[in-house]
A.B. asks: 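What follows is a single structure, and I will ask about it in a moment.
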2 protein chains.
Amino acid sequence: MYICIVKLEQAIQSTKFKSEVQKAGLNILYTAWWLKTVMSRELKEFGLTHEQYNVLRILKGKHPELMCVKDIACRMIEKSSNVPRIIDRLEIKKLVKRATSEADKRETVISLTQSGVAVLEASTKALNAIYDEIMTISEEDASSINELLEKVRENES
Amino acid sequence: MYICIVKLEQAIQSTKFKSEVQKAGLNILYTAWWLKTVMSRELKEFGLTHEQYNVLRILKGKHPELMCVKDIACRMIEKSSNVPRIIDRLEIKKLVKRATSEADKRETVISLTQSGVAVLEASTKALNAIYDEIMTISEEDASSINELLEKVRENES
DNA sequence: TTACAATACATGTATATACATGTATTAGTT
DNA sequence: AACTAATACATGTATATACATGTATTGTAA
């Protein structure tokens, strides 16, 4: 059973918004929370948190090449993630291994263990299934969202 | 100076996405993180976290009526927020007051203090200014986002 | 009316976020 | 080459998230 509250108005019990733009801000925040909740519930079956999964997924992108902490950090969705600490938990679960870089001893290089690869593959399969199940929008609508969100972010000051 | 990474591909250093739908998921998560970061930086000037601000804003909606903890909780954007603990911090800063409900002694009723109202008003002004500055999309685009995000969430299983 | 379930909130725990600081190593400057 | 700055990461702190458990109060049913 998933949390199913379609309308933002119902979700946050509020009907007055200053503008569509402000409502869009709340909608983005709420939808992200909803997505994270659904994904986390699935990942829990594999003993992973959302952030731990993200690190594994990033490592997989270069596997079997090693990656240093800062290269993982700059690929994280949430840039303020404390990557060394997330790696701590993954290391305890023997899903990744740490080593000091030969080339630059300041760097710690991380690699996926075989068990890390296995857990990642299984959890990715489960996540994809959940995505197919809950995100039933069309590719066209998804494209529109991607365009619009990049428009939202295209500002500096 | 704001974080300005327009394209998702740059932001998370990834170019391959399984589908537009999956990319939309990442885009929603990343945009939410970006929005929260910008807002939090502004709120810091007032000694507030994003969540503390949310609780104040919700209380304002009924002010000067009192609200109990569960009524605040169900209006939060992030439903898993631990509202009693957020109220702890606000109480220490004398922005809200706790009292036991007369009608039902299990309930704790919360009210904004005068200083709470003042801080909320000032921070809301600052946040609105930031919103105007960074969210320069049109009302029409914002409406499209609202429609599409509600389409994204309209699924259960 | 007593017993039990449900409700409302407080509190505890593990992990994450956001940010500051500490420590080792490398790069750059004189 | 010695000194200083910068870099990479580890670690510390306050708050939040996500969830479990504890405690007081209320509702309900025998």
Side-chain angles (χ1 to χ4, degrees), chain A residues 3 29-30 32-56 66-74 76-93 95-96 98-110, chain B residues 3 29-30 32-56 66-74 76-93 95-96 98-110:
Chain A
I3 296 148
L29 294 174
Y30 177 69
W33 171 81
W34 172 82
L35 246 184
K36 263 166 100 165
T37 301
V38 174
M39 293 174 73
S40 294
R41 185 163 36 202
E42 204 57 29
L43 288 169
K44 213 179 170 186
E45 303 289 316
F46 300 90
L48 293 175
T49 66
H50 196 260
E51 293 64 31
Q52 290 169 7
Y53 174 80
N54 259 325
V55 169
L56 291 181
L66 305 183
M67 289 186 81
C68 70
V69 174
K70 74 171 190 320
D71 287 343
I72 298 171
C74 80
M76 294 292 283
I77 295 172
E78 319 225 337
K79 299 303 177 194
S80 30
S81 296
N82 193 331
V83 177
R85 207 109 58 179
I86 296 172
I87 292 168
D88 287 346
R89 328 283 185 199
L90 291 172
E91 205 179 16
I92 290 167
K93 287 182 270 199
L95 301 179
V96 304
R98 264 191 171 101
T100 302
S101 166
E102 288 296 308
D104 184 339
K105 284 174 187 156
R106 290 171 301 183
E107 290 184 350
T108 302
V109 286
I110 319 296
Chain B
I3 297 149
L29 294 175
Y30 178 69
W33 171 82
W34 171 82
L35 246 183
K36 261 165 101 164
T37 301
V38 174
M39 292 174 74
S40 294
R41 185 164 36 204
E42 203 57 30
L43 288 170
K44 213 180 171 185
E45 305 288 317
F46 300 90
L48 293 175
T49 65
H50 196 259
E51 292 65 29
Q52 288 169 7
Y53 174 80
N54 258 324
V55 169
L56 292 181
L66 306 183
M67 289 184 82
C68 70
V69 174
K70 74 172 190 321
D71 288 342
I72 298 172
C74 80
M76 295 292 282
I77 295 172
E78 321 225 336
K79 299 304 178 193
S80 31
S81 297
N82 193 332
V83 177
R85 208 110 58 181
I86 297 173
I87 292 169
D88 287 345
R89 328 285 185 196
L90 291 172
E91 204 179 18
I92 289 167
K93 287 182 269 199
L95 301 179
V96 303
R98 263 191 172 102
T100 302
S101 164
E102 289 296 309
D104 185 338
K105 283 175 188 156
R106 290 171 302 183
E107 291 184 350
T108 302
V109 285
I110 319 295

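Below, chain A is the first sequence line, B the second, and so on; all start at residue 1.
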A.B. asks: Closest approach of A:S40 and A:H50, non-hydrogen atoms and distance?
C.D. replies: OG-CB, 3.9 Å
A.B. asks: Under 3.5 Å, is there a donor-acceptor pair between the side chain of B:K105 and the main chain of B:T100?
C.D. replies: no
A.B. asks: Can you check the B:H50 NE2 to C:dA16 C1' distance for me, whole Å?
C.D. replies: 17 Å
A.B. asks: Test of understanding: with side chain to side chain contact (heavy atoms under 4.5 Å, CB included), list the residues that count as partners of B:Q52, not counting sequence neighbours.
C.D. replies: B:L48, B:T49, B:I86, B:R89, B:L90, B:K93
A.B. asks: Atom pairs, N/O to N/O, protein against nucleotides 6-8 of chain D, distance under 3.5 Å?
C.D. replies:
residue	atom	partner	partner atom	Å
D:dT7	O2	A:R106	NH1	3.0

A.B. asks: Rounded to whole Å, please give me the gap between CG in A:L90 and P in C:dT15.
C.D. replies: 11 Å
A.B. asks: Tell me the interatomic distance from B:I86, atom CD1, to C:dT17, atom P, rounded to whole angstroms.
C.D. replies: 16 Å
A.B. asks: If you pin A:Q52 and A:A103 to their nearest nucleotides in DNA chain C, which one's is more 5'?
C.D. replies: A:Q52
A.B. asks: Please tell me if B:R41 has a side-chain N or O lying less than 4.0 Å from either OP1 or OP2 of C:dC19.
C.D. replies: no
A.B. asks: List in chain and number order the residues that pass side chain to side chain contact (heavy atoms under 4.5 Å, CB included) with A:E107, two or more places apart in sequence or in another chain; answer none if no residue qualifies.
C.D. replies: A:C68, A:K70, A:S101, A:D104
A.B. asks: Applying side chain to side chain donor-acceptor pair (under 3.5 Å), name anything that partners B:N54, two or more places apart in sequence or on another chain.
C.D. replies: B:R57
A.B. asks: Could you tell me the separation between the CD atom of A:E51 and the C1' atom of C:dT17, rounded to a whole number of Å?
C.D. replies: 9 Å
A.B. asks: In Å and rounded to the nearest 0.5 Å, what is the CD to CZ distance from B:E51 to B:R85?
C.D. replies: 13.5 Å
A.B. asks: Is A:K36 paired with A:E78 through a side-chain N to carboxylate O contact shorter than 4.0 Å?
C.D. replies: yes
A.B. asks: Please identify each residue that fulfils side chain to side chain donor-acceptor pair (under 3.5 Å) with B:D88, with sequence neighbours left out.
C.D. replies: B:R98
A.B. asks: By nearest heavy atom, map B:V109 and A:E78 onto DNA chain C; which one lands nearer the 5' end?
C.D. replies: B:V109
A.B. asks: Separation of A:I87 atom CD1 from C:dT15 atom P, in whole Å?
C.D. replies: 15 Å
A.B. asks: Give, for atom CG of A:L95 and atom CD1 of A:I87, the distance between the pair rounded to the nearest 0.5 Å.
C.D. replies: 12.0 Å
A.B. asks: Over all strands shown, is A:K36 touching base, sugar-phosphate only, or nothing at heavy-atom distances under 4.0 angstrom?
C.D. replies: nothing
A.B. asks: Looking at residues at least two apart in the chain, or sitting in another chain, which of them share a side chain to side chain contact (heavy atoms under 4.5 Å, CB included) with B:L66?
C.D. replies: B:V109, B:S111
A.B. asks: Counting any heavy atom closer than 4.0 Å, what does B:S81 reach on the DNA or RNA strands: base, sugar-phosphate only, or nothing?
C.D. replies: sugar-phosphate
A.B. asks: B:K44 has a side chain; which of C:dA20, D:dC19, C:dT17 sits nearest to it?
C.D. replies: C:dA20
A.B. asks: Would one find a side-chain N or O of B:T49 under 4.0 angstrom from OP1 or OP2 of D:dA16?
C.D. replies: yes
A.B. asks: If you restrict it to nitrogen or oxygen atoms, what contacts under 3.5 Å exist between nucleotides 11-14 of chain C and the protein, and what is each distance?
C.D. replies:
residue	atom	partner	partner atom	Å
C:dG12	N7	B:R85	NH1	3.2
C:dG12	N7	B:R85	NH2	3.3
C:dG12	O6	B:N82	ND2	3.3
C:dG12	O6	B:R85	NH2	2.6
C:dT13	O4	B:R85	NH2	3.1

A.B. asks: Rounded to whole angstrom units, what separation is found between the CD atom of B:E102 and the P atom of D:dT25?
C.D. replies: 13 Å
A.B. asks: Just how far, in rounded Å, is P of C:dA16 from CG of A:L43?
C.D. replies: 12 Å
A.B. asks: Using whole Å, report how far NZ of B:K105 lies from P of C:dA6.
C.D. replies: 24 Å
